[in-house]
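We name chains A, B, ... by the order of the sequence lines, and we start the count at 1 in each one. None of the values given here were measured: they were computed from a predicted structure.
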There are 2 protein chains.
Amino acid sequence: MVQIPNPPAPAPPAPTGSVPTSADVARLAGVSRATVSYVLNNARAVRISEPTRRRVREAARELGYVPHAAARSLRAGHSRMVLMPAPAFPVGPLYSRFINELQAALSLLDYTVVQHGTVGVHDDEAARAWAELRPVAVLVPGAGLGPRGVEVLKRSGARAVVTLGPETVEGAHALLMDHDVVGYSAGAHLFDRGRRRIGVVVPGEPGLDTFSAPRLAGVRAAVRGTDATVTELPLAHDEEAAARLAARWRDLGLDAVFTYNDEYAMLLMRALQDEGVRIPEETAVVGADDLMLGRLLRPRLSTVHLELPSGQELADLVDRAVRDPSAAPEAHKVLGARVIRRDST
Amino acid sequence: MVQIPNPPAPAPPAPTGSVPTSADVARLAGVSRATVSYVLNNARAVRISEPTRRRVREAARELGYVPHAAARSLRAGHSRMVLMPAPAFPVGPLYSRFINELQAALSLLDYTVVQHGTVGVHDDEAARAWAELRPVAVLVPGAGLGPRGVEVLKRSGARAVVTLGPETVEGAHALLMDHDVVGYSAGAHLFDRGRRRIGVVVPGEPGLDTFSAPRLAGVRAAVRGTDATVTELPLAHDEEAAARLAARWRDLGLDAVFTYNDEYAMLLMRALQDEGVRIPEETAVVGADDLMLGRLLRPRLSTVHLELPSGQELADLVDRAVRDPSAAPEAHKVLGARVIRRDST
DNA sequence: TTGAAAGCGCTACCAT
DNA sequence: ATGGTAGCGCTTTCAA
């Protein structure tokens, strides 16, 4: 049998297995691709007759045509994608709410928000991975992005890089969330209540040290120059660890403890109460984050209420930065903290 | 002054303000774009001399060149992007862990995982928004995607659509998470413990009904055909609502309650205890999700432990589906549930 | 009012 | 061993 090479294929008749393009729409509607683009994007600069519009829309609907975002932004030279790395640690309700607000606000400004799951990739490598997507803006929570990473992102077209973390990074805008103030508030509060031997719980979970270290430092700062002492108390998030800590509580001789947050407060309070330690008489306990559960504990938990920035604020900052990338990076201190005293201190 | 039209511009000398492309790298290294592509992608089919490779890499490094993912996948005709809509409701630690596992597993298989923030867009409209990104696979948690949406995604090139929810959707693979079993386990457990008048807490939060409705139905199913009754108890996630419910508790005449999950259990238990209702003597309480906090309550909370699929399993399913899109959609029941009895029942 | 065509950045085929 | 070049899907001048 003789092999006959295929002749140059004449335009194949609507291969249904394939993804429809604007050319397919044009063909079906009997117009040019340009016209299709005009119609589907409601181009106002050009007048297309109503019958033509109808034919084009009908054809698009029939084919189930969906424009190709990558092709579009390739042509346009820019995208409206705002990229956020998804945090690796389990996030609390506060952060969830913040993210949702942010997404809603940015959507209203016509940006597309995308969370990118970056697994244990280090610094610049992560920045490169993000840069490949050519986002118009990158919002980086926590630490872990250096000046090099910022440079990579900017060189690849990101018009705004915003860090949400404890410190500013060269070249990037910053929403400074300095958790020092959380520890500071807690420390000052305990000191005001007459406590002088203060323990500070430091969670064992990796990824949380970004927050726990400054919170500890804040407590230290609050009592600096006084006769009060601060004792670091490493604690894993499980019952046995809490029980062990509680067992040696009286030896520690502490009269107060700041527990990093309300969840750890609950964990430790339970262990202390099981051990017979009276709260707040023997030991005052203050948590942080003002979660619902704190109000449900007995005694009711005193806590540090955090004031995060609103998603709207961040969205506005992003939009401003995108519109004028040459403007000097802004750095806003955005973390407010105030103690809510209940019955545990 | 006479206006002279610009002559065709001779290759401009490295406009530093602009984003470097592979052409810039080629120019700097003194080779063609093809060679740059070969080198940077480690093309094995073609032999490039070591000195050339070095020059290319050096040029890329010097310019801070990062490839343009959109252009690449446009050319390739496909991407390795796995898209997940980010759930709008606050997610618990279980879900967070699952997502992280999934991302890690998919990254190992060389996919890029992206969470897309879809704000209150309805069904097909959301599907269109996702389809514009031309993901190779789409994973949709919860309900909210219909057969139409699946069709849109497939027609625009998605090789796998997987729903993670209560029911199968025509054309899509499914990880069936039928929360009936959770309610069923709880109901059966309470019945076994001799309880006959069972209350079921139904959270007020929108977005949670996807889970709460089947959990309620499960309880009903568990006691169907017996003399036990099931009473629906709507409850908002705040103290006042819980207090109001507790205030009329004795009127309700219930001897047991399934609280949707452990958090609502804590909320209700506190209100009941403040009201003097003895647990479990007067009223047995069972939660769900087996959170840490359940173990910290007094009495210790009985709960329904959920067995979610591992991220690895889902990653494998996705990979299989992408490799062979023609295969019939698989539907796996993946939600296991078993009661962990503690002291509250 | 509509169409032809260039070109965004990239890769892979085909020459040389 | 390296270069030329077509073309992925789209928008947008410029011409007709």
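Judged as a side-chain contact (heavy atoms from CB on, under 4.5 Å), and not counting sequence neighbours, the contacts of A:A137 are A:V82, A:A160, A:V318, A:V322. Annotation: side-chain contact (heavy atoms from CB on, under 4.5 Å) contacts of B:P325 (sequence neighbours excluded): B:R159. Considering only residues two or more places apart in sequence or on other chains, B:D124 meets the salt bridge (charged side-chain N to carboxylate O under 4.0 Å, His left out) condition with B:R148. Judged as a side-chain contact (heavy atoms from CB on, under 4.5 Å), and not counting sequence neighbours, the contacts of A:E50 are A:R53, A:R54. A:A143 pairs by the side-chain contact (heavy atoms from CB on, under 4.5 Å) definition with A:T210, not counting sequence neighbours.
The nearest heavy atom of DNA chain C to B:T21 and to A:S49 marks one nucleotide each, and the one closer to the 5' end goes with A:S49. Summary of the strand contacts: B:V46 and B:R134 both lie near DNA chain D, and taking for each the nucleotide with the nearest heavy atom, the more 5' one is attributed to B:V46. Mapping B:A34 and A:P20 onto DNA chain D by nearest heavy atom places B:A34 at the nucleotide closer to the 5' end.
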Using a 3.5 Å cut-off and no angle test, enumerate the donor-acceptor pairs between side-chain atoms of residues 55-62 of chain B and protein atoms at least two apart in sequence or in another chain.
unit_1	atom_1	unit_2	atom_2	d
B:R55	NE	B:A29	O	3.1
B:R55	NH2	B:A29	O	3.2
B:E58	OE2	B:R61	NH2	3.1

Let me have the donor-acceptor pairs involving side chains of residues 68-75 of chain A, under 3.5 Å, with sequence neighbours excluded, atom names and distances please.
unit_1	atom_1	unit_2	atom_2	d
A:H68	ND1	A:A70	N	3.3
A:H68	ND1	A:A71	N	3.3
A:S73	OG	A:A69	O	3.3
A:S73	OG	A:A70	O	3.4

Could you go step by step and tell me if B:D24 and B:Y65 meet the side chain to side chain contact (heavy atoms under 4.5 Å, CB included) rule?
CA-CA 9 Å; B:D24 295 323; B:Y65 169 72; over 6 Å; no
Could you go step by step and tell me if A:L317 and A:E330 meet the side chain to side chain contact (heavy atoms under 4.5 Å, CB included) rule?
CA-CA 9 Å; A:L317 169 59; A:E330 308 175 24; 3.5 Å; yes
Apply side chain to side chain contact (heavy atoms under 4.5 Å, CB included) to residues B:Q115 and A:V114 and explain how you reach the verdict.
CA-CA 6 Å; B:Q115 283 182 259; A:V114 149; over 6 Å; no
For side chain to side chain contact (heavy atoms under 4.5 Å, CB included), just list the numbers for A:L153 and A:V150, CA-CA rounded to whole Å, side-chain angles, deciding distance to a tenth of an Å, and then say yes or no.
CA-CA 5 Å; A:L153 290 169; A:V150 175; 5.8 Å; no
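Residues from residues 72-79 of chain A that place a heavy atom under 4.0 Å from any atom of DNA chain D, listed by number: A:R72, A:R75. Within residues 55-66 of chain A, no residue approaches DNA chain C, by heavy-atom distance under 4.0 Å. Residues of residues 35-45 of chain A having a heavy atom closer than 4.0 Å to DNA chain C, listed by number: A:T35, A:Y38.
Counting non-hydrogen atoms of neighbouring residues, nucleotides and ligands closer than 6.0 angstrom, the CD atom of A:E167 reaches no more than 12 such neighbours.
Protein chain B contacts DNA chain D from D:dA1 to D:dG9, reading 5' to 3' and using non-hydrogen atoms of the protein with a distance under 4.0 Å.
B:S156 and B:W130 share no donor-acceptor pair across their side chains, judged by distance under 3.5 Å alone.
As a whole-Å value, the separation of B:H68 NE2 from C:dG7 P is 18 Å. Residue A:R53 contributes atom CZ, which lies 10 Å from atom P of C:dT1 at whole-angstrom precision. Taking atom CZ on B:R33 and atom P on C:dA12, their separation rounds to 14 Å, with Å as the unit.
Using five terminal pairs a side, the axes of the helix from C:dT1-D:dA16 to C:dT16-D:dA1 at its two ends make an angle of 50°, given in steps of 10 degrees.
Residue contacts shown for A:V31 are limited to sugar-phosphate atoms, with no base heavy atom under 4.0 Å away.
Note that the CD atom of A:Q312 and the CG atom of A:L106 stand 8.5 Å from one another [nearest 0.5 Å]. The CG atom of B:L314 sits 10.5 Å away from atom CD of B:E101, with the distance rounded to the nearest 0.5 Å.
The pair A:D319-A:R323 meets the salt-bridge criterion, with a side-chain N (NZ, NE, NH1 or NH2) lying under 4.0 Å from an Asp/Glu carboxylate O.
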